[in-house]
Structures are given as C-alpha cells and as structure tokens.
Amino acid sequence: MAALAALVLVAFAGVLSRPGMVGHTWDWGVPAFAEQFRDMAWRHLSTWDDYFETGRYHYFKLELLYWWALWPFSAAGGEAVSKWLPLTLTFLSGAALWPLARRQGLSPLYAGLASVFYAFSPYALSRIVAGHMPMLAGYALLPLVVLSAKVLMARLEASRPGAFYFTVLTGFLLGLTSLHPGVGMSAAAMLTIAFAWRVCCGGRRRLALCAAFVGLGLVAVAMNIHFMAPFVGDYFGKGAIRHGWGLSVSAEGDVTVDTELPRREAYHESTSQPVDAAALLRLRPGMDTEYVYPIPDGLGLPWHVAAVAVALCVFAYAFRSRKNPELTALFVTAVVGVLLVSGSRTLPGMAFYQLGLKKTLPILFAAFSNTTRWLPLVVLPYAILFARAAADLAAAGRPRLVGWASLAVTLLFVSPFLAGGLTRPFDPDRDIQPLTLKQTPIGPEDASVYAFLRDRPDAFRVAYLPPIGITWPGETQFTFEWTSAYSPKPFFLAFKTHPLAEPVFNGLYAEHPTTTLARLAALGSCRFLVYPHYAHAYTYDDFQPAYVPPDTVDGYKDYKPVFDANLAMQRELRRLPLFSTVDVYENEAFLPLVRPGDRVAAVEPVGGAGPANPVVAALAEETALPDYDPGTVYLRAGRDPVFLEFLASVMGDGPKKSRLLVGRAADAKLLVERPREAIPAPSLEFRRLGPTSVRLRVHGVTAAFPLVFQETFHAGWKALLVPRRAGELTGEGNGAARLLPRYVPSPAAGPDAATAGELAGYLARGEVSTLGDGDPKTRRVFAYGPGGAVVGETETAAAVGFVSRRVAGSVQNDNLPGPRLTEGFFPAAFAPRDPSTLTRPLDPAGWAVAGAGQGRPVAWPDALHLEAYGFANAWWLDPAILRLLPEAGADAPGYFARRPDGGLDFEVLLSFAPQTSYLMGLAGSAAAYAACLAVLVVGPFAIKRREKPHA
C-alpha cells in the first residue's frame with residue numbers, strides 16, 4: 001500500500017504542483033466554495049431542479065451520497081477537493097483490489113502488481129480526465145463487491161455461518177456502486193456471471209445461491225428505491241427517461257426512448273471497438289470524451305509489447321490445467337467484457353446490443369450503449385488473471401526474473417497514467433478535444449462575485465455570459481467556465497433548450513439585434529447577468545454566415561465583437577461598477593418569481609411556417625413594442641373548442657386589440673389578441689420555501705385573475721389553498737405593526753429592500769400580512785480565501801426578515817410561515833360533479849369539494865392550470881369558485897377572508913406533487929440503508945458466536 005501511495009503521488013505530481021482548481025473535459029463535479037457543496041447536497045433531496053434554466057423535473061438523484069460525502073471536506077476549498085478527490089479515489093481503487101488479489105493466493109508482490117494495474121487503468125484515467133468522479137467512486141468499490149460475493153458463495157457452499165450477513169454486505173456494496181448507473185450495471189454483470197457460473201457449473205447448494213443472488217439484488221434496489229420507483233412509473237407510464245444527453249437538447253423537457261435512441265445509436269457506432277483493441281485495452285476515442293490513454297513519446301512499441309504480454313497472460317488461463325471457480329468466473333467476465341466493449345463489431349455483441357437491448361429493451365440501449373462504460377468488466381479480471389499467470393510462471397522457475405519482468409510489464413502498461421497523462425500538453429491541431437486536465441486559479445473576484453449574488457436575499461435567477469451551452473470562451477483564467485452550474489442563485493439559459501433561449505441567443509448574435517432582450521430574461525426572473533472578461537466567445541452555431549470573425553478555433557467563429565456590440569445596445573440592462581475583471585449587469589425589467597397578471601392574450605399562427613413555440617415567437621416581437629405590458633399573460637389559443645371557449649371567457653367581453661406579427665427570420669405570421677381593459681389585479685406576497693414549494697398570500701381579490709409562476713410548466717405543480725384564521729390572512733391583529741420599528745433593511749439587498757416607510761404602507765394597505773414572530777433570525781456565511789478555502793465566517797441577526805419592494809404587484813416577504821414537510825401531502829381537491837364540468841370549468845356549480853374543513857389544503861382544479869408564455873405555469877383563480885370553500889373566521893380556519901371593501905384574501909401553497917412520492921421513496925431508501933448498516937455492525941459478532949462451537 002505504501003508503494004501504491006507513492007505511485008499515486010507520482011501520477012498526480014503535475015496536478016499537485018500547479019496552482020488552480022482542476023477543470024474537466026466533460027463532467028467535472030467539484031464547485032469552488034463550501035456553500036456550493038452544501039447547496040448541491042440539499043438539492044439532491046428534491047425532485048425539482050430549480051437551479052437549472054427555469055427548473056425541470058429530475059428524480060435521478062444518483063449523486064445524493066456523493067454530495068453529502070463531499071460536504072464535510074468542502075471547507076478546504078474547491079481547489080483542494082478537486083485535486084485530492086481523484087487522487088484519493090485512485091488510491092482506494094488499488095487498495096480495494098488488494099484483498100481480492102490476496103484471496104486468489106497471490107503474494108504481496110503480485111497482489112501489489114494487480115492493485116497498480118487496476119488503480120492506473122485506462123478506465124480510471126479516462127474517468128478522471130472526463131470528470132466522472134461518481135463513476136470513479138463506484139469503480140473503487142467494484143473489487144469489494146466481487147470479494148464480498150465470493151466470500152458469500154464460499155460460505156454458502158461450505159454451509160458456514162454468515163450467509164445472511166454477506167448477502168446484505170454484497171447488496172449494500174452493489175447499491176453504493178449506483179452512484180452512476182454505468183458502474184452499477186458493470187457490478188451487476190460481474191455478480192450475475194459469478195453466480196451463474198457457480199450455479200450452472202457444479203456449484204453446491206444451487207437453490208441457496210439463487211436465493212442469495214435475489215436477496216442481494218433486492219437490497220440494492222431497496223437502497224435506491226427513491227429514484228428507481230419514479231423511473232419505472234415514468235417510463236412505463238409515458239416512455240419518458242429523465243436522464244442522458246436528451247436533457248440538454250430537448251426543449252420539451254421530456255426525453256423518451258424514441259428521441260434518445262438516434263443519438264445513442266450514433267454514439268454506439270463510434271465507441272464500438274475492434275476486438276483486438278478491446279483485448280489490448282487500446283481503445284479508440286469515440287465521438288465524445290469517454291476514453292483517453294496517451295502513450296508517452298518513445299514508449300509506443302514497449303507499451304504495445306506490454307499490452308500483448310498482459311493479454312496473453314490473461315487468455316492463457318483457458319489452457320491452465322488447474323482451474324478454480326472464482327478465477328474461471330473472472331475469465332468469463334473478461335471475455336464478456338471484451339465483447340461488450342467491442343460493441344456491434346462482433347456477432348455476440350450485435351446480438352446483445354441490437355436484439356437484446358435495442359429491440360427488446362430499448363431503455364437499456366439508450367442508457368448503456370456506450371461501450372467504453374463496460375471497461376471495468378475487462379480491467380478487473382485482467383488485473384487478477386495477469387498477476388495470477390505471472391505468479392504461476394514464477395513458481396515454475398526463475399522467480400526473481402519473472403518478478404522483475406512482471407513489474408516492468410505492469411509499469412510500462414500504466415505508464416500513460418504515471419508519466420503525466422493527466423496533465424500532458426494539449427495540441428489543438430491534433431486533438432479534437434482537450435483530453436487532459438486543466439487548472440485555473442480561483443481568483444479573488446470569483447469569491448467576490450459569488451458573495452455578491454449569495455448575500456442578496458431576494459429570489460432571482462442569474463445568467464452567465466456568453467450563454468452557456470452554445471458558446472465557450474476558449475482558454476481563460478476564469479473558473480466561471482465550469483462552476484456556473486453551482487451558482488449561489490438559480491441560473492438561467494444554461495442550454496439552448498429553454499423556449500426563451502432561442503430569441504435571446506439570436507438577438508445577442510444577430511446582425512440587427514433586438515434591444516429589449518432584458519424583458520425576455522425578466523420572464524425567467526433573471527435579475528443579473530455575469531460576464532467575465534473573456535478574450536473570446538466561440539459559438540457552435542453560426543448566426544451570421546457572412547460574418548468574418550477575427551479568429552477561429554476548429555472552424556468555430558469568434559463572435560465576441562458581435563456579442564459585445566449587441567450586449568451594449570440592450571436597453572434595461574445596467575452595468576454595475578463593482579468588479580474589475582467581471583462585468584455584472586442588472587436587469588431593470590426584472591419580474592418576480594410569482595406575480596398576478598392583469599389580462600390574458602391569445603396567440604395563434606395564422607400563416608407561413610408556424611414556429612415550434614408560437615407564444616415565445618410572438619413574445620420576441622411583443623417585448624420590443626412600446627405598448628408591451630409585462631402583466632399580460634400570453635397563452636396559445638390552439639384549436640380545441642373547449643379551450644377556445646374558456647379563453648374567450650377569461651379574456652372577457654370588452655373590446656380587444658389584435659395585432660399581426662410577421663417573423664423576421666421566417667415567413668411565419670402570428671395573430672395576437674388581447675383585451676384593451678386590464679383586470680383589477682390583486683396584490684401578492686410570497687416566500688420561496690425551497691425547490692418544490694412557494695408560499696404566497698393574495699390580497700384584495702375582486703375579480704378572477706391569472707396567477708403567474710415563472711417556473712417551467714409541469715402538471716405536477718399544484719396550487720393548494722391553505723386554511724388559516726382570518727387574522728392570519730389579512731394581517732389584522734397579529735402584531736406586525738409592533739415589529740415595524742425593529743425592521744432593518746438588509747444592506748446586501750440595496751434598493752431592492754423595502755424602506756421602513758414603504759413597509760408601513762404595505763402593512764396599512766394589507767399588502768403584507770406578517771413580519772414574523774420577532775425571534776432573531778440568524779444567518780451565517782463564509783468568507784473565502786485562496787483556492788476557495790474557508791478563511792472566516794460572518795453572522796448576522798435580524799428580528800424581521802427580508803421584505804422586498806413591490807414589483808409587478810408582488811412583494812417577497814420572507815416572514816411568511818416556513819416549510820412544513822408534509823403540508824402538501826395528500827390534499828383535498830375540487831372534483832367535477834360530472835364529466836361536463838371539464839368542458840365548462842369556470843362554472844362554480846360544476847365543482848364539489850371533498851375533505852375541506854379538516855385542516856387540509858385543497859388543490860385548485862387542474863383544469864385551470866395553464867401554460868403561460870410558452871413555458872411557465874399560470875392558474876386562473878376565480879373568487880366565485882373560491883367561495884365554495886369554508887370562509888375563515890376569527891378563531892376558525894378557513895380558505896379565504898373578506899375585506900371591508902369586499903375583496904378576498906387567501907393563502908396558496910405552490911407545491912410540486914411528485915416530491916411527495918419521492919420523499920416516501922427516500923424514506924424507504926434511508927430505512928434500507930439503516931437496516932443494512934445495523935446488520936453490518938452486528939453481523940460479525942453474531943457470526944463469531946455461531947462459529948465458536950465449530951472451532
């Protein structure tokens with residue numbers, strides 16, 4: 001182990017000796033600052049990713065344990081974690097193989113060679129360079145999974161105690177490898193081969209072996225039931241898979257097998273390897289960064305000789321006279337692994353991928369068609385079988401010579417890793433992608449920008465420029481290039497898949513740009529735009545074919561001059577003079593996350609090639625017009641007569657204004673119709689409770705109105721009416737006025753916080769219902785130094801939480817009641833009295849309510865949940881329907897309270913319904929973890945007691 005540790009330090013010397021945070025080629029999962037680790041850990045307890053674009057439904061929380069395990073080390077800073085995490089996992093990979101190798105009777109020398117081979121394998125290097133740390137963590141666990149399974153099978157066949165303990169241990173380790181499904185499937189394949197070989201080839205107690213195999217599988221499933229159950233329901237319900245490439249290219253947000261298969265088929269063809277390349281572990285890179293193992297200059301021939309020697313030693317096992325079941329199972333695993341890595345280039349591989357997966361189980365083909373992901377099935381058996389063959393040769397004669405030769409072969413084979421493969425120079429003329437690590441210092445202003453965004457208490461999104469997903473800044477010394485995914489606030493326009501992205505992107509790169517893109521960004525509650533002083537802005541999309549750029553890389557144009565010029569032309573974007581190396585723009589057209597609308601507009605294509613999202617296409621033009629009203633809620637009319645009747649009702653009988661829009665880049669014609677008279681919109685106060693819920697109180701409702709929630713539309717979002725006493729809803733008699741003198745606006749909020757005078761007005765008019773209970777609210781934040789390390793901590797306390805100024809009819813009030821874990825569980829609901837109600841959802845007589853008056857929230861009818869602006873949620877809230885619920889009294893909770901002027905006040909909880917089942921599944925997974933840990937702690941003592949009589 002000391003020798004292995006020394007070699008690991010040699011391999012990572014280039015990384016450790018250079019300052020800067022380690023960057024990635026594809027998928028590096030290390031942020032810069034401790035609070036970002038914490039945020040990611042908590043976000044993995046939610047099924048709604050609120051930090052991505054304007055949110056998305058995502059239950060594949062495979063990295064839940066990964067983030068919770070990293071959090072305790074985050075105070076050291078992103079630079080330290082990014083360096084020591086892959087180093088530690090590399091060492092643990094070799095250390096985990098050591099006991100498995102020793103179990104095969106290998107001496108410390110040959111067990112050490114096997115450990116070195118495994119730790120510095122092509123798979124390990126590829127995962128580090130690609131940034132797949134959860135995969136490397138699972139890879140480090142694989143030898144322990146196999147070792148535990150072998151001990152289990154041996155104890156079963158010998159009728160020794162401990163079968164239950166080792167079944168749980170093997171299942172527990174298998175469940176942990178599901179940090180990434182690719183590694184989890186490799187582990188499952190290894191176990192399947194090992195148990196099948198024992199059962200089919202003479203193993204005793206076959207029934208017990210089968211029972212143990214099923215049992216360990218159930219343990220692994222139970223540990224991951226929180227994401228496996230919704231996946232099964234989602235896939236078999238509507239064929240959706242919320243994982244994979246499609247999430248970053250699908251504007252609809254749902255990825256199906258049909259949409260994912262073409263991409264995966266192309267990927268499969270590019271990664272399928274020639275059989276000799278798979279056998280020698282000398283793979284070709286595919287169409288993306290999944291494999292890299294650069295042979296050092298001058299070692300090409302020696303390396304290939306070493307690779308041939310390893311392969312010959314492995315496949316010589318077929319001719320070994322003395323075989324044992326464990327080694328034979330590993331040999332079969334190696335053969336299967338070579339065939340899987342070869343993909344469809346062999347007949348067995350073609351049968352497996354094209355018939356077994358693609359035709360029969362297309363979901364598995366979409367997830368596991370990348371052949372290089374099966375490399376662990378080759379590497380682990382190779383490590384053991386090569387060392388076993390070398391040990392057998394040494395036992396046959398000349399042990400010293402064989403030992404030195406085996407050491408030389410091993411070191412030659414892993415030389416791509418040991419000889420600077422992590423940090424080798426990148427040649428852009430030769431290499432399509434930078435298959436090497438990159439290190440960028442965390443600059444002082446990185447932490448300053450982070451703190452500026454973090455410390456603002458208002459809820460908003462931030463965009464990082466150039467827009468991520470279609471541009472890249474080339475070589476740069478800004479960690480923003482890959483850490484914007486860990487922004488202190490949700491980030492906007494991450495990929496060109498959001499409906500609002502297309503007009504924003506086109507406007508920022510167009511020859512004649514729209515100058516009001518801030519208004520489009522405002523519909524995503526984007527408050528700030530962060531633009532580091534990049535030297536370039538290369539784009540994968542060519543927005544102006546006639547444009548001659550000042551520089552190109554790999555054929556991509558540098559649009560920075562165009563981008564900068566167009567950005568400077570934008571109105572309602574104000575550059576803040578805060579930083580010297582990063583520009584921060586404030587969006588003066590900002591709209592809050594939740595707000596009331598004041599009218600409804602209908603949009604419909606009437607000629608030409610209809611755009612994919614006509615509402616967004618219309619908004620791109622409407623927002624540039626002088627009479628644009630951000631309170632207007634744009635809906636697509638469609639052709640459904642029921643919806644058209646509904647739309648006509650909510651637009652009212654008054655005069656309308658019609659406008660014909662003609663697209664700039666196409667011949668599409670859009671008709672926009674809206675009422676001339678605005679709805680008397682109420683006032684609203686809200687508090688974001690987390691990714692899956694928002695609490696709000698609506699005041700002074702006199703007419704039906706649209707409630708806008710600027711989060712991605714999903715049927716899972718529900719508007720729940722919460723029962724309260726009248727004083728809680730209106731604010732009368734709750735003592736808020738007594739707390740007003742203790743209100744101190746947050747300095748970090750700047751002009752966004754309401755002044756004491758403004759807040760007094762809100763209280764007097766009933767626009768703010770509470771200032772909390774007066775107990776001190778403490779907030780602790782970190783200060784960061786070199787490398788993102790925590791160098792200090794500040795603490796602030798306030799008796800009254802943040803209250804924003806009134807913007808677009810809304811006030812953010814962080815003094816509203818906080819989250820209650822089960823508040824949104826199993827609400828009562830409005831139910832149609834008969835099927836015809838759904839054709840006339842605005843008729844109160846058609847609705848009945850079951851379960852109201854029992855202290856339970858009541859879900860507003862789904863028939864009144866609409867998609868607004870082509871992407872967002874809106875609910876049509878009608879007081880006539882609301883009055884079907886019990887009214888609140890001074891002492892009796894109810895669902896609305898009457899004001900003296902006749903207006904209604906009520907509370908709504910916007911809740912994401914799938915979170916309920918996810919939390920239940922998470923509780924099940926946690927219970928499985930707890931049960932496994934209990935067995936693993938108590939089991940060894942129980943086994944020892946049972947074995948004593950046999951001693």
Out of curiosity, [X] [atom1] to [Y] [atom2], how far, rounded to the nearest 0.5 Å?
X	Y	atom1	atom2	answer
Arg373	Thr271	CZ	OG1	9.5 Å
Tyr538	Tyr556	OH	OH	12.5 Å
Leu283	Gln273	CG	CD	3.5 Å
Leu147	Leu141	CG	CG	12.5 Å
Lys557	Asp542	NZ	CG	3.5 Å
Leu437	Arg18	CG	CZ	8.0 Å

* Test side-chain contact (heavy atoms from CB on, under 4.5 Å) on Phe563 and Leu465 and set out the steps. => CA-CA 10 Å; Phe563 182 86; Leu465 303 177; 3.8 Å; yes
* Where do Leu70 and Glu63 land on the side-chain contact (heavy atoms from CB on, under 4.5 Å) test, with the steps shown first? -> CA-CA 11 Å; Leu70 286 185; Glu63 297 180 4; over 6 Å; no
So which atom in [X] and which in [Y] form the shortest heavy-atom distance, rounded to 0.1 Å?
X	Y	result
Ala187	Leu142	CB-CD2, 3.3 Å
Ser344	His268	OG-NE2, 2.7 Å
Pro348	Leu339	CB-CD1, 4.1 Å
Pro549	Asp558	CB-O, 3.5 Å
Val30	Met21	O-CE, 2.7 Å
Ala329	Ile193	O-CG2, 3.8 Å

Is a side-chain donor or acceptor of [X] paired with a backbone partner of [Y] at a separation under 3.5 angstrom?
X	Y	value
Ser342	Arg345	no
Glu79	Pro19	no
Arg284	Ser272	yes
Gln36	Pro31	no
Gln354	Phe352	no
Thr436	Arg424	yes
Lys560	Tyr534	yes
Arg102	Leu106	yes
Tyr464	Ser487	no
Lys83	Ser17	no

* Go through the side-chain N and O atoms of Arg388 and Gln104 and say whether any donor and acceptor fall under 3.5 Å apart. =>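 There is no such pair (donor and acceptor under 3.5 Å, judged by atom type) between the side chains of Arg388 and Gln104.
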* To do: Verify the distance criterion only: is there a donor paired with an acceptor across the side chains of Thr539 and Asp541 at less than 3.5 Å?
  =>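 Checked: Thr539/Asp541 side chains show no N/O donor-acceptor pair below 3.5 Å.
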Are any non-hydrogen side-chain atoms of [X] and [Y] less than 4.5 angstrom apart?
X	Y	answer
Met40	Tyr66	no
Ile128	Met133	yes
Val183	Pro376	no
Leu100	Leu380	yes
Ser126	Tyr293	no
Ser121	Leu281	no
Leu9	Leu87	yes

* Asked: How far apart are the C-alpha atoms of His132 and His180, what are their side-chain angles, what is the distance that settles it, and do they pass the side-chain contact (heavy atoms from CB on, under 4.5 Å) test?
  -> CA-CA 9 Å; His132 290 151; His180 192 280; 5.8 Å; no
* Asked: Do other residues, nucleotides or ligands put more than 12 heavy atoms under 6.0 Å from the CZ atom of Arg398?
  ->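 Open.
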* **Which residues share a side chain to side chain donor-acceptor pair (under 3.5 Å) with Ser74, sequence neighbours left out** =>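 For Ser74, no residue satisfies side chain to side chain donor-acceptor pair (under 3.5 Å) once neighbours in sequence are set aside.
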* **For Ser107, all residues meeting side chain to side chain donor-acceptor pair (under 3.5 Å), sequence neighbours excluded** =>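 So Ser107 forms no side chain to side chain donor-acceptor pair (under 3.5 Å) with any residue.
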* Asked: Does the pair Tyr353 and Thr371 meet the rule for a side-chain hydrogen bond (donor to acceptor under 3.5 Å, both in side chains), with working shown?
  -> CA-CA 10 Å; Tyr353 284 105; Thr371 66; 5.6 Å; no
* **Residue pairs, two or more places apart or on separate chains, that pass ring pair (Phe, Tyr, Trp, His ring centres under 6.0 Å) and touch residues 369-404** =>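 Checked against ring pair (Phe, Tyr, Trp, His ring centres under 6.0 Å) - neighbours excluded - no pair reaches residues 369-404.
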Side chains of residues 308-320: which donor-acceptor pairs under 3.5 Å do they make with residues two or more places apart or in other chains?
from   : atom 1 : to     : atom 2 : distance (Å)
Tyr317 : OH     : Asn324 : N      : 3.3
Tyr317 : OH     : Asn324 : O      : 3.3
Tyr317 : OH     : Thr328 : N      : 3.2
Tyr317 : OH     : Thr328 : OG1    : 2.8
Arg320 : NE     : Asp392 : OD2    : 2.8
Arg320 : NH1    : Arg322 : O      : 2.2
Arg320 : NH2    : Asp392 : OD2    : 3.1

Give the ring-plane orientation class for [X] versus [Y], where under 30° counts as parallel, over 60° as perpendicular and anything between as tilted.
X	Y	answer
Tyr450	Tyr784	perpendicular
Tyr559	Phe543	perpendicular
Tyr139	Tyr118	parallel

* What pairs with Phe120 under ring-ring contact (aromatic ring centres under 6.0 Å, His included), at least two apart in sequence or on another chain? ->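 For Phe120 the ring-ring contact (aromatic ring centres under 6.0 Å, His included) partners, ignoring immediate neighbours, are Phe417.
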Tell me which donor-acceptor pairs under 3.5 Å the side chains of residues 88-99 have, and how far apart each pair is, sequence neighbours excluded?
from  : atom 1 : to    : atom 2 : distance (Å)
Thr88 : OG1    : Trp84 : O      : 2.7
Thr90 : OG1    : Pro86 : O      : 2.7
Ser93 : OG     : Leu89 : O      : 2.8

* **Positive for ring pair (Phe, Tyr, Trp, His ring centres under 6.0 Å) with Tyr486, one of Trp67, Phe37, Phe491** =>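 Of the listed options, the one satisfying the test is Trp67.
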